[in-house]
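Structure, as C-alpha cells:
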Amino acid sequence: MKSGTAEATRIGKRGTIVIPARMRKRTGLDEGSLVLIREDRGGIVIRPAVAMEVEIYSPERKAEFLLENAVDMKDYARARKAVRKLGLDPDEISHEPPRA
C-alpha cells in the first residue's frame with residue numbers, strides 16, 4: 001500500500017478509531033503515541049505529534065544567564081543593569097564575571 005492510500009475503518013465506542021497496523025508501522029505510531037488531530041475541509045487529519053518539556057526560568061536563573069554570558073566588561077555592565085531591572089542584586093547571584 002503506497003502513501004496516501006485510504007483504508008476503511010470503523011469508529012468504536014467513545015469515538016475510538018483503529019488505525020490499520022501497516023499505517024501505524026509506517027508512521028511509527030504505537031499504543032500511547034501522541035497525535036495531533038484537526039478538522040480539514042474534507043474531514044479529519046491525524047498526524048504524529050511530539051511533546052517537548054519546557055523549562056520556565058525563575059528571575060534568578062535569568063539573572064545567572066545574563067551575568068554568565070557577558071562577553072566583556074561593557075556587556076557585563078549591561079547585564080548587571082538588566083539584573084537590577086529584574087529586581088535582583090547582581091552581587092547576590094552566583095556567577096563568574098568576564099575577565100578584563
### Task
Assess whether side-chain contact (heavy atoms from CB on, under 4.5 Å) is satisfied between Glu92 and Glu60, documenting all intermediate values.
CA-CA 9 Å; Glu92 297 290 320; Glu60 291 80 8; over 6 Å; no
#### Entry: Val45/Ile37 under side-chain contact (heavy atoms from CB on, under 4.5 Å): CA gap, chis, key distance, verdict
CA-CA 6 Å; Val45 176; Ile37 184 167; over 6 Å; no
### Task
Please assess Arg84 against Asp89 for the test salt bridge (charged side-chain N to carboxylate O under 4.0 Å, His left out), listing each intermediate value before the final yes or no.
CA-CA 6 Å; Arg84 283 191 201 94; Asp89 179 354; 5.9 Å; no
### Message
Show, in sequence, the C-alpha distance, side-chain angles and deciding distance for Tyr76 and His95, and conclude whether the ring pair (Phe, Tyr, Trp, His ring centres under 6.0 Å) test is met.
### Response
CA-CA 11 Å; Tyr76 182 66; His95 70 282; 5.6 Å; yes
### Task
I would like to know whether Arg80 and Leu67 meet side-chain contact (heavy atoms from CB on, under 4.5 Å); could you show each step before the answer?
CA-CA 7 Å; Arg80 289 180 63 85; Leu67 295 166; 3.8 Å; yes
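Of the possible donor and acceptor atoms, none in the side chain of Glu7 sits under 3.5 Å from a partner among the backbone N and O of Pro20. Without hydrogens or angle criteria, Asp72 side chain to Asp75 main chain gives a donor-acceptor distance under 3.5 Å.
A 4.5 Å side-chain heavy-atom check between Lys62 and Leu86 finds at least one atom pair inside the cut-off. Residues Arg78 and Lys81 have side chains not in contact (no heavy-atom distance under 4.5 Å, counting atoms from C-beta outward).
Under the 4.5 Å side-chain contact rule for hydrophobic residues, Val35 and Ile19 share a cluster. Criterion: ILVMFWY side-chain heavy atoms under 4.5 Å apart, direct or through other members. Under it, Val83 and Met73 are part of a common hydrophobic cluster. Cluster annotation: Met23 is connected to Ile46 through the hydrophobic network of ILVMFWY side chains, with a link wherever side-chain heavy atoms come within less than 4.5 Å.
Within a 6.0 Å radius of CD in Glu31, other residues, nucleotides and ligands contribute 12 heavy atoms or fewer. Counted within 6.0 Å of CG on Leu36, heavy atoms from surrounding residues, nucleotides or ligands total more than 12; the atom is thus considered enclosed. Within a 6.0 Å radius of CZ in Arg47, other residues, nucleotides and ligands contribute 12 heavy atoms or fewer. Within 6.0 Å of CG in Leu34 there are more than 12 heavy atoms belonging to other residues, nucleotides or ligands.
Minimum heavy-atom separation, Glu64 to Ser94: CG-O, 3.7 Å. Closest of all the heavy-atom pairs between Thr9 and Val18 is OG1-O, 2.8 Å. Heavy-atom minimum distance, Ala70 versus Pro98: O-CB, 3.8 Å.
The CG atom of Leu88 sits 11.5 Å away from the CG atom of Asp91 when rounded to the nearest 0.5 Å.
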